[in-house]
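Input: a single structure, listed below in structure tokens.
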Amino acid sequence: MYSIAYNASLDAIKKNKKHNNTLEINEINYHKIASFDSALQQLEQKERAKIMDNCLLKLPEDERSIIWMFYYDELSLKEICEVTLLSETNLKVKLHRARKRLLTIVETFVEPEIISHYGRS
């Protein structure tokens with residue numbers, strides 16, 4: 001019984017060799033590294049989103065809602081004007097001020113090394 005199983009497994013190995021179904025070690029390592037990099041990128045993206053959510057919560061409600069509609073809901077300025085009943089000029093000013101305030105919040109909330117890592121000096 002054991003000899004039948006042994007011979008069957010040897011036959012299977014020989015058959016796979018003929019089809020060249022083996023991966024080289026470099027290919028295996030590449031796939032592991034690629035999946036690890038992907039996992040790190042996802043984790044980094046989640047962390048950035050969490051930081052931005054915390055910073056957005058520190059904004060006043062009107063500024064937060066304008067930022068949210070513009071960047072998260074991707075509404076146009078015209079659509080935001082219809083919702084908020086503001087003129088387009090006034091909305092642009094409020095959006096600019098909200099961005100500046102959000103930047104100062106992010107700069108105080110996040111360590112300077114992290115900011116420089118993402119390209120802000």
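Note that the structure is a prediction, hence the values are computed from the model and not measured. The residues of the chain are indexed from 1 along the displayed sequence.
- Summarising the geometry, atom CG belonging to D53 is positioned 12.5 Å from atom NZ belonging to K58; distances are rounded to the nearest 0.5 Å.
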Distance-only donor-acceptor hits, side chain of residues 59-70, under 3.5 Å, sequence neighbours excluded:
from	atom 1	to	atom 2	distance (Å)
E61	OE1	R64	NH1	3.1
R64	NE	L56	O	3.2
R64	NH2	L59	O	3.2
S65	OG	E61	O	3.3
S65	OG	D62	O	2.8

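- A donor-acceptor pair is defined here as one N or O able to donate and one able to accept, closer than 3.5 Å; no such pair exists between the side chain of E82 and the backbone of E79.
- In this structure, NZ in K78 is found 9.5 Å from SG in C81, a value given to the nearest 0.5 Å.
- Residues Y72 and L77 share a hydrophobic cluster, clusters being chains of Ile/Leu/Val/Met/Phe/Trp/Tyr side chains in contact below 4.5 Å.
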Could you list the donor-acceptor pairs under 3.5 angstrom formed between side-chain atoms of residues 88-105 and any protein atom two or more places apart in sequence or on another chain?
from	atom 1	to	atom 2	distance (Å)
R99	NE	Y71	OH	2.6
R99	NH2	Y71	OH	3.2
T104	OG1	R101	O	2.7

